[in-house]
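Small disclaimer: the values here were computed from a predicted structure and weren't measured.
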Amino acid sequence: MVKKGEKVLPKFPDSYWLESSEIPQYSPLQEDIQVDVVIVGGGITGITAAYLLVKEGVKVALLEGDRLLNGTTGHTTAKITAQHNLIYDELISHFGEEAAGHYYQANTDALEFIAETVKEHDIQCGFIRQEAYLYATSADYAKKLEKEYDAYQKLGISGELQSEIPFDQKVENVLSMKNQAQYHPLHYLVKLLETTEKSGGQIYERTTAVNVERTDKGTAVLTRDGFRVTGDHVLACTHFPFYEGTGLYSTRMYADRSYLMAVKSEQDYPGGMYLSVDQPSRSLRAATAGKENIVLVGGESHKTGQGKDTLEYYKALVSFSEKVLHSKQILYRWSAQDLTTLDKIPYIGEVTAGQPNVLIATGYRKWGMTSGTLAARLLRDIVMDKKSPYRSLFAPSRFQADPRARKFIKENVDVAKHLIKGKLELPVKKVHDLSRDQGAAVTIHGKRKGAYRDDRGEVHVVDTTCTHMGCEVNWNHGDRTWDCPCHGSRFSYTGEVVEGPAEKPLQKDEHTFFDNIFSEDSGY
């Protein structure tokens with residue numbers, strides 16, 4: 001029973017960006033085709049790369065496994081900023097001032113590119129300049145903001161320390177970054193799609209890429225339906241690379257989830273984009289729903305497939321929005337998944353040193369609006385053989401002993417722990433224990449299975465072994481998905497792939513790591 005005054009969470013997760021957009025639909029690929037560049041992934045990176053390359057006169061095919069913009073890009077906070085949490089002091093410490101400066105400038109260039117593109121095409125996407133703010137609620141993080149401000153000074157970043165924010169929230173320190181921006185990302189990208197198609201770009205949906213192979217005509221992308229798209233270059237812009245080659249990206253990144261709500265507030269929003277640097281994180285920015293002003297409230301990050309009941313993260317955001325914003329209604333709720341590299345810098349460039357014609361872009365660490373745009377621009381430069389000052393900084397083949405070696409060991413020990421734990425534990429629950437709209441790992445005939453009983457009482461059973469690398473998936477109550485704690489693959493309650501690196505659905509029968517790794521279309 002809902003108590004009087006208690007905020008009601010929407011029953012199902014729906015992204016405000018997707019619900020407020022009309023996205024064109026495209027047919028699946030139904031034949032072999034030859035182009036100059038094959039782009040796999042219909043999010044901000046793939047769409048922007050296609051837009052840029054057709055402007056260069058390049059013949060492009062863009063492939064999306066599901067619906068365009070339905071992935072991470074459609075579930076973002078849509079802050080266009082180079083203020084990527086606490087990052088610049090760390091970059092200076094590990095890579096030096098020149099590299100840290102290049103990171104800032106590359107993201108600032110991406111912001112200005114978006115601003116110029118909005119102006120060039122008169123895109124009605126709510127683009128507006130805003131200041132971005134990091135704030136600390138503890139003395140320890142207040143000191144870290146002071147160190148970050150010192151890094152700003154060294155790099156010539158326009159910002160200042162402040163002592164408060166215009167909300168009912170006590171803070172110890174605040175760091176601003178001037179002249180950042182926000183927008184409606186899907187309204188912006190739909191215009192880029194339309195422009196790309198008018199310029200001759202070929203766009204296909206419901207076309208899942210599963211592998212890359214060399215042919216006498218070039219580099220070919222093999223689709224699940226058996227068709228080939230061949231070109232001089234392949235750009236893997238699929239959040240997690242659909243093709244890893246021998247790059248072992250599963251071991252060099254980790255996935256985590258965070259949560260968002262769109263709320264109505266009793267008070268006017270004062271402007272600005274805010275992010276707490278303490279844990280649990282909190283994010284705030286304004287948006288417009290029709291004629292109404294709303295606030296996007298985000299945070300509660302945790303590793304995918306790990307942590308507590310995911311509905312509890314939404315409830316924590318409800319409590320925060322009531323306290324800080326005096327929110328009166330929750331319009332939408334949704335979650336997002338992000339990948340973080342070992343050194344926090346995205347991987348953009350050749351998938352491996354021996355495959356210069358296969359390029360990837362991944363590991364944006366929650367900052368996809370600028371990182372995805374700069375990735376598209378850098379991929380364009382590589383394809384067109386243009387010089388870029390940012391190429392070595394983002395090269396996937398880079399290696400720094402500190403901090404990557406320690407992070408590599410830590411993350412892969414965590415993977416091994418979850419792999420072993422999942423294999424050894426036999427669930428206590430049985431199918432008959434499940435209520436309606438409840439999912440859990442259960443034991444059926446002595447085997448670990450996943451079961452979800454829907455609102456009609458029908459039970460959907462899957463094998464819980466992830467089809468990527470064999471870890472055991474866990475039930476995500478908040479989103480009604482099966483999530484892998486090892487590498488972040490996610491599946492619907494019927495077992496269909498929602499998010500990679502897995503490419504195959506959860507099986508109904510027994511499945512092992514070897515069933516996938518030795519498959520011809522595994523991507524390895």
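- Ring centroids of Tyr269 and Phe167 are separated by less than 6.0 Å, placing the two rings close together.
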| field | Lys386 and Glu56: CA distance, side-chain angles, deciding distance, salt bridge (charged side-chain N to carboxylate O under 4.0 Å, His left out) verdict | value | CA-CA 12 Å; Lys386 296 181 179 181; Glu56 299 278 357; 2.7 Å; yes

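- Both tests pass for Arg252 against the ring of Tyr347: distance under 6.0 Å to the centre and angle within 45° of the axis.
- The two residues Thr288 and Ile294 come nearest to each other via the heavy atoms N-CG1, 4.2 Å.
- A donor atom on one side chain and an acceptor atom on the other are found under 3.5 Å apart for Gln124 and Asp122.
- A side-chain donor-acceptor contact under 3.5 Å links Tyr274 to the backbone of Gly271.
- Thr196 contributes no side-chain N or O that, together with a main-chain N or O of Glu194, makes up a donor-acceptor pair within less than 3.5 Å.
- A salt bridge links Lys178 and Glu131; the closest N-O separation between the charged side-chain nitrogens and carboxylate oxygens is under 4.0 Å.
- In this structure, the side chain to side chain contact (heavy atoms under 4.5 Å, CB included) partners of Thr117, at least two apart in sequence or on a different chain, are Tyr51, Phe113, His121, Ile123, Tyr188, Leu192.
- The one candidate from Asn474, Asn476, Thr310 that meets the side-chain hydrogen bond (donor to acceptor under 3.5 Å, both in side chains) condition with Asp483 is Asn476.
- Side chain of Ser321 to main chain of Leu325: no donor-acceptor pair is present (N/O by atom type, distance under 3.5 Å, no hydrogens or angles).
- Here the closest non-hydrogen pair linking Arg67 and Ile23 is NH2-O, 3.4 Å.
- Under the 3.5 Å distance criterion, the side-chain polar atoms of Gln182 are left unmatched by any main-chain donor or acceptor of Ala78.
- Among residues two or more places apart in sequence or in another chain, the side chain to side chain contact (heavy atoms under 4.5 Å, CB included) test is passed with Lys11 by Asp437, Asp455, Arg480.
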Output a table of donor-acceptor pairs, distance under 3.5 Å, between side-chain atoms of residues 27-42 and any protein atom two or more places apart or on a different chain; print 'none' if there are none.
from	atom 1	to	atom 2	distance (Å)
Asp32	OD1	Arg228	N	2.9
Gln34	NE2	Lys217	O	3.3
Asp36	OD2	Lys59	N	2.8

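- Rounded to the nearest 0.5 Å, atoms CG (Leu317) and OG (Ser258) are 9.5 Å apart.
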| query | Can you check salt bridge (charged side-chain N to carboxylate O under 4.0 Å, His left out) on Asp256 and Lys366, steps first, answer last? | reply | CA-CA 9 Å; Asp256 64 16; Lys366 303 182 190 300; 3.1 Å; yes

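- Applying the side-chain hydrogen bond (donor to acceptor under 3.5 Å, both in side chains) test to Tyr16 and every residue at least two apart in sequence or in another chain returns nothing.
- The closest donor-acceptor contact from the side chain of Thr251 to the backbone of Leu248 lies under 3.5 Å.
- You'll find the ring centres of Tyr103 and His84 inside the 6.0 Å limit.
- A salt bridge links Lys315 and Glu312; the closest N-O separation between the charged side-chain nitrogens and carboxylate oxygens is under 4.0 Å.
- Of all non-hydrogen atoms in Arg453 and Gly457, the two that sit nearest each other are NH1-O, 3.3 Å.
- The closest donor-acceptor contact from the side chain of Ser489 to the backbone of Ala502 lies under 3.5 Å.
- A donor and an acceptor atom, one from each side chain of Asp479 and Thr481, are nowhere located under 3.5 Å apart.
- Between Lys264 and Glu292 there is a salt bridge, with a side-chain nitrogen of the basic residue lying less than 4.0 Å from a carboxylate oxygen of the acidic one.
- Ring centroids of Tyr452 and Trp475 are separated by less than 6.0 Å, placing the two rings close together.
- Distance alone, capped at 3.5 Å, places no donor-acceptor pair between the Glu350 side chain and the Val358 backbone.
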| request: Kindly determine whether Gln355 and Asn357 satisfy side chain to side chain donor-acceptor pair (under 3.5 Å), including the steps that lead there. | output: CA-CA 6 Å; Gln355 293 177 286; Asn357 294 338; over 6 Å; no

| said: Could you walk me through whether Ser250 and His468 satisfy the side chain to side chain donor-acceptor pair (under 3.5 Å) test, starting with their C-alpha distance in whole Å, then the side-chain angles of each, then the deciding distance to 0.1 Å, before giving a yes or no? | reply: CA-CA 10 Å; Ser250 299; His468 172 235; 3.1 Å; yes

| task | List the steps and the verdict of side chain to side chain donor-acceptor pair (under 3.5 Å) for Thr45 and Tyr364. | result | CA-CA 11 Å; Thr45 307; Tyr364 298 161; 2.7 Å; yes

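- Smallest separation of non-hydrogen atoms from Asp14 and Trp334: O-CE3, 3.4 Å.
- Residues passing the side chain to side chain contact (heavy atoms under 4.5 Å, CB included) test with Asn85, sequence neighbours excluded: Leu275, Val277, Arg365, Trp367.
- For CD of Glu120, the number of neighbouring non-hydrogen atoms (other residues, nucleotides, ligands) closer than 6.0 Å is greater than 12.
- Taking the side chain as every heavy atom from C-beta outward, Ile330 and Pro10 approach each other to under 4.5 Å.
- Ion pairing between Arg282 and Glu300 holds under the 4.0 Å rule for side-chain N and carboxylate O.
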| Can you list the steps and then say if Lys328 with Glu266 is a salt bridge (charged side-chain N to carboxylate O under 4.0 Å, His left out)? | CA-CA 6 Å; Lys328 59 183 181 180; Glu266 292 179 352; over 6 Å; no

| Can Leu342 and Met253 be said to form a side chain to side chain contact (heavy atoms under 4.5 Å, CB included), step by step? | CA-CA 6 Å; Leu342 299 177; Met253 295 187 291; over 6 Å; no

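- Cys pair Cys486 and Cys471 passes the test of SG atoms under 2.5 Å apart.
- Without hydrogens or angle criteria, Arg129 side chain to Asn179 main chain gives a donor-acceptor distance under 3.5 Å.
- Closest heavy-atom contact between Lys504 and Val497: O-CG2, 3.3 Å.
- Considering only residues two or more places apart in sequence or on other chains, Glu197 meets the side chain to side chain contact (heavy atoms under 4.5 Å, CB included) condition with Tyr26, Ile203.
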| query | Given Tyr390 and Asp109, is the side chain to side chain donor-acceptor pair (under 3.5 Å) satisfied, shown in steps? | reply | CA-CA 11 Å; Tyr390 310 130; Asp109 290 350; 2.8 Å; yes

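- Note that CE of Met384 is 8.5 Å distant from CZ of Arg380, once rounded to the nearest 0.5 Å.
- Note that the CD atom of Glu499 and the CD atom of Gln337 stand 4.0 Å from one another [nearest 0.5 Å].
- Classification of the His184-His187 ring pair by plane angle, with boundaries at 30° and 60°, yields parallel.
- Not a single donor-acceptor pair under 3.5 Å links the side chain of Asp225 to the backbone N or O of Phe227.
- Between the side chain of Glu64 and the main chain of Asp66, a donor-acceptor pair closer than 3.5 Å is present.
- Put simply, the residue from Leu284, Leu260, Val297 that forms a side chain to side chain contact (heavy atoms under 4.5 Å, CB included) with Thr77 is Leu260.
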| request: Assess whether salt bridge (charged side-chain N to carboxylate O under 4.0 Å, His left out) is satisfied between Glu496 and Arg490, documenting all intermediate values. | output: CA-CA 8 Å; Glu496 295 303 312; Arg490 300 176 64 235; over 6 Å; no

